[in-house]
Amino acid sequence: MEKMSRVTTALGGSVLTGRTMHCHLDAPANAISVCRDAAQVVVAGRSIFKIYAIEEEQFVEKLNLRVGRKPSLNLSCADVVWHQMDENLLATAATNGVVVTWNLGRPSRNKQDQLFTEHKRTVNKVCFHPTEAHVLLSGSQDGFMKCFDLRRKDSVSTFSGQSESVRDVQFSIRDYFTFASTFENGNVQLWDIRRPDRCERMFTAHNGPVFCCDWHPEDRGWLATGGRDKMVKVWDMTTHRAKEVHCVQTIASVARVKWRPECRHHLATCSMMVDHNIYVWDVRRPFVPAAMFEEHRDVTTGIAWRHPHDPSFLLSGSKDSTLCQHLFRDASQPVERANPEGLCYGLFGDLAFAAKESLVATESGRKPYTGDRRHPIFFKRKLDPAEPFAGLASSALSVFEMEPGSGSMSWFVDTAERYALAGRPLAELCDHNAKVARELGRNQVAQTWTMLRIIYCSPGLVPATNLNHSVGKGSSCGLPLMNSFNLKDMAPGLGSETRLDRSKGDTRSDTVLLDSSATLITNEDNEETEGSDVPADYLLGDVEGEEDELYLLDPEHAHSEEPEYVLPQEAFPLRHEIVDTPPGPEHLQDKADSPHVSGSEADAASLVPMDSSFSLISVSHALYDSRLPPDFFSALVCDMLRFYAEQGDVQMAVSVLIVLGERVRKDIDEQTQEHWYTSYIDLLQRFCLWNVSNQVVKLSTSRAISCLNQASTTLHVNCSHCKRPMSSRGWICDRCHRCASMCAVCHHVVKGLFVWCQGCSHGGHLQHIMKWLEGSSHCPAGCGHLCEYS
Amino acid sequence: MHTLFADSFAALGRLDNITLVMVFHPQYLESFLKTQHYLLQMDGPLPLHYRHYIGIMAAARHQCSYLVNLHVNDFLHVGGDPKWLNGLENAPQKLQNLGELNKVLAHRPWLITKEHIEGLLKAEEHSWSLAELVHAVVLLTHYHSLASFTFGCGISPEIHCDGGHTFRPPSVSNYCFCDITNGNHSVDEMQVNSAGNVSVSDSFFEVEALMEKMRQLQECRDEEEASQEEMASRFEIEKRESMFVFSSDDEEATPARDVSRHFEDTSYGYKDFSRHGMHVPTFRVQDYCWEDHGYSLVNRLYPDVGQLIDEKFHIAYNLTYNTMAMHKDVDTSMLRRAIWNYIHCMFGIRYDDYDYGEINQLLDRSFKVYIKTVVCTPEKVTKRMYDSFWRQFKHSEKVHVNLLLIEARMQAELLYALRAITRYMT
């Protein structure tokens, strides 16, 4: 579109021509107003009050009304208005509360006509009656509106808005006696000029001050209001109660609003802060402005359509000290830049896609969608064909149907629910997950899990497993004890064997995710030396010759024996207590022989997993032969994770990440990890798998992710008696003054942790209930329910 | 009142003396607590320990050991690094950058320019985001004015803090305790005791005279119309005069030992702008006011806070019980407006629609001294100043005055800071 285009409009004899142009003022403008003949504009501000003639190519200064040696505050204008009947008559509102009228017909240099000093505070707005020559209305910060008859020296009547500041007053264009006023507290009042005692109607239009209002020039009952809450609302005032018919949400508080002439649904707005543009909205399309003028560099303070019957010229004044004439044709139209595209999933996995026809048309060869494929959705609005909506009417809608079954994500849900991510040794986790995957028919994933197990629970570590195992056996009498007692207490009394066990348990607690079929050595590896080569090496040397058999034993043992080892996490002793653990090597030496017995016992059974995955053996052999440490594979594993993530199976990537924990974490950059985690959590939440997603959040090590669990942790409680929310305190109800949660054991109010039975809903202090249920299985409240505490 | 206390206790885990004094005006207190709670604990761009540290910085500018101690505890409680407390130079560079703004804002807010803002927003890796900056500015102004309140009402240290259990000359807060426990809000007898030698009749006339003046102003407002030049000059006169209003008794304030470490420039204090050769243009409220501009900016960058502060300003400005000392049914709006505008006048903020001659009529010298000291150099407030103005008025009314003072001060500082931010943005 060519800038600076010229528009000529014929309007009942007079002809308007012009182009987009601006001129520099000496000072920031506060308001502008146009003369009836659309050829002159008045600009008023704190230190400017001038009349400009609007010529074809430029603005020409015609008259400076700011005369006198020392400009008084009466000239510091907050608002200005030009009479629409009499082109010699102007009125200004001064910041010191004075209303001044000006008569351009006066022969002297000073055109000041009358001075009304009745308002005590700043006058925010003045307004002439649209048809009556002598009636002027003003609204002030002091909460009063005054009606002046210019033939008299003082006001005719005073309207009280009940102490709130008046921001705008506007005579209705159609109703002779009616005017609207807007207030700082969000109210809009409708007054009859003959009845100063009370307003006809009052309603709350906005949250916070209503800065402006404008009556629709044609539609009798429509009033547009703009407020600090960034909204423009259009009210239908013809009905008994003012009804909001349209609402436009802008991006900044609305300072002025003006209906566009000849366009029933268009209005122009400008903002008071932050945003410098002028927008023209179609109120029926409240999300994208129909046009946008971006000429100003500071906030726009005044806008006016040049002629009451010409929609193409807009004048504006701004804090950046410029006066602009905008041509509607030169406006930028955000609509043009927007790509009207929509994408939506249906309930059964259908995908609907709407786009501009031009974009879609190029792709051919698709089957039309049941008849009405070319469904122009934008036409649903039944647009007035005269309205210039550019390029929006032709959208194409395509619907893609899912093949039955293929869209099912049940595998995802099943997998998410059944995967084990932590709490067990690595090998076991891998096996478990492989099994889950296999059962769901995802063989590649299953294979991956198996391979991971082989890589990270490599044969080099096997002997130690056996060793551990034997240790477990050796001290088996001690183990049950350990489960029920706090280990700290028994530390001194136990022999070295138990201590060894404890050290094992301890490390496991440190690295919960770590495998723990594992081994003293891995443990120590984790504890003391970061690189795993050294211990692995000497281990392998140590047990050479038995590795095959031992390797085969490993999974089975892990499975059969592990439950004995697993201790409640909180019972683990602190790390410093195991300082005196005998160094690993000695133990190995000592115990090297013992595992054989148990090992061969389980021999036959342990072969079972073998037949399902032949690769197991070959890989393990290769592994053993080249004596590669697990670190060697980490690059490969990372690649594998990225592969899965790119395939869209972020579930796999995250699961492996969690299961392997420290082993691979350092090789993948934080951001990627975070990205995976968030995607996976998002997916889980879409499938309502809250528990799993929470588990994932908890297990993640990325800080940003674990933060997710800390946000919005407020729990709202309702009173158990009156069912009202207990707002102020969590334990006493404001209404019925009863304590809501009593402990069934001690009969006191529970103010902290409250645990209750989901069967009979009795409960109490966590400690009390725990203690009670140790001794009895019945509910402490005596209701006879058999409560369970787990 | 009870629920207010309960809420406050639930939110903070304590009931500080400020709350106990402010509860004279429960309506305001509620809004105050809500705002403070939001600023310190709810969603916001700054981490919790930053917020408390900024509070400490701001309070330290006025050597307000009471607030500093309170927030040192909170700061440590939310996991702040104790090393930072050894001085601003131990805090991260980002907070150090804020020091300059803090200083200017506290003492000469009219000097804030968009260069200050730019310096903070464009400091490479230590730069502030706009939202953070607005949060910080709100916190700074909040604590500057709260420091004013602390000194203005003579809040005594919390019992668990340094000096809390030592004997101090009675201040308002002590009275408050009595009042609350007795359930008796009239403190006239006590007032007489503490004022001691002031004859009752003397101070009685004081109130009468003030009321008479208010009545006169109300009546003759329309008749006596001052010329424009006179109006303009009245503002200048008041502005100029306000700097001579200073207390003659420069008593040594109790040195706050642990506060000084936050100072890097003790010499920087309130200076009257007209005294300094350099002419600072008058800030005209009609061009940049809180309701239209400040609110929009704050709410845009730090959602909901604009609303809360707006409410607080409104409540403080409109609070009245229509009483004056022993008189009932008095319209005090004129007096309140005079106080509010006088404070803004000291900061160079002018209302076009106000006749500054009214201030001279309504506020006598001792009161002006008090206002000026509380707002500009709160650390110099003495008990004597507190006692010597408005001798016949109740404590609750003096606390009311203090609320006006701190809110007006906060708004003035905010206006200057936000205007600078707006200028930076455009």
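Each chain gets a letter, A, B and so on, in the order the sequences are listed, and its residues count up from 1.
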So, the part of A:R121 with a heavy atom under 4.5 Å from chain B: the answer is both
Take atom NE2 of A:H22 as the centre, draw a 6.0 Å sphere, and report whether it contains more than 12 heavy atoms from other residues, nucleotides or ligands. no
When rounded to the nearest 0.5 angstrom, what distance separates OG in B:S296 from CG in A:D229? 10.0 Å
Given the rule in the salt bridge (Lys or Arg N to Asp or Glu O under 4.0 Å) test, do B:D310 and A:R228 qualify, once you have shown the distances and angles that lead to the verdict? CA-CA 12 Å; B:D310 193 40; A:R228 193 172 69 179; 2.9 Å; yes
Within this structure, what is the OG-CG distance for the pair A:S253 and B:N299, rounded to the nearest 0.5 Å? 10.0 Å
Would you mind checking which part of A:S271 comes under 4.5 Å of any heavy atom in chain B, side chain (CB onward), backbone (N, CA, C, O), both or neither? neither
Say you draw a straight line from CZ of B:R300 to CG of A:D275; how long is it, rounded to the nearest 0.5 Å? 7.0 Å
Between A:R46 and B:D352, is any pair of side-chain heavy atoms under 4.5 Å apart? yes
Top contributor to chain B contacts, counting heavy-atom pairs under 4.5 Å, from A:E118, A:R167, A:E184, A:H119: A:R167
When rounded to the nearest 0.5 angstrom, what distance separates CG in B:D292 from CG in A:N124? 8.0 Å
With a 4.5 angstrom heavy-atom cut-off, could you sort out which part of B:D287 is near chain A: side chain, backbone, both or neither? both
Check the surroundings of atom CG in B:D43: do more than 12 heavy atoms from other residues, nucleotides or ligands lie under 6.0 Å from it? no
Checking heavy atoms, do the side chain of A:T122, its backbone, both or neither come under 4.5 Å from chain B? both
One option among A:K319, A:H276, A:R297 has the most heavy-atom pairs under 4.5 Å with chain B, and it is A:H276
Side chain to side chain, B:Y288 and A:M273, heavy atoms closer than 4.5 Å: yes
CD of B:E291: more than 12 outside heavy atoms within 6.0 angstrom? yes
If I take atom OH from residue B:Y351 and atom CD from residue A:Q141, how far apart are they, to the nearest 0.5 angstrom? 9.5 Å
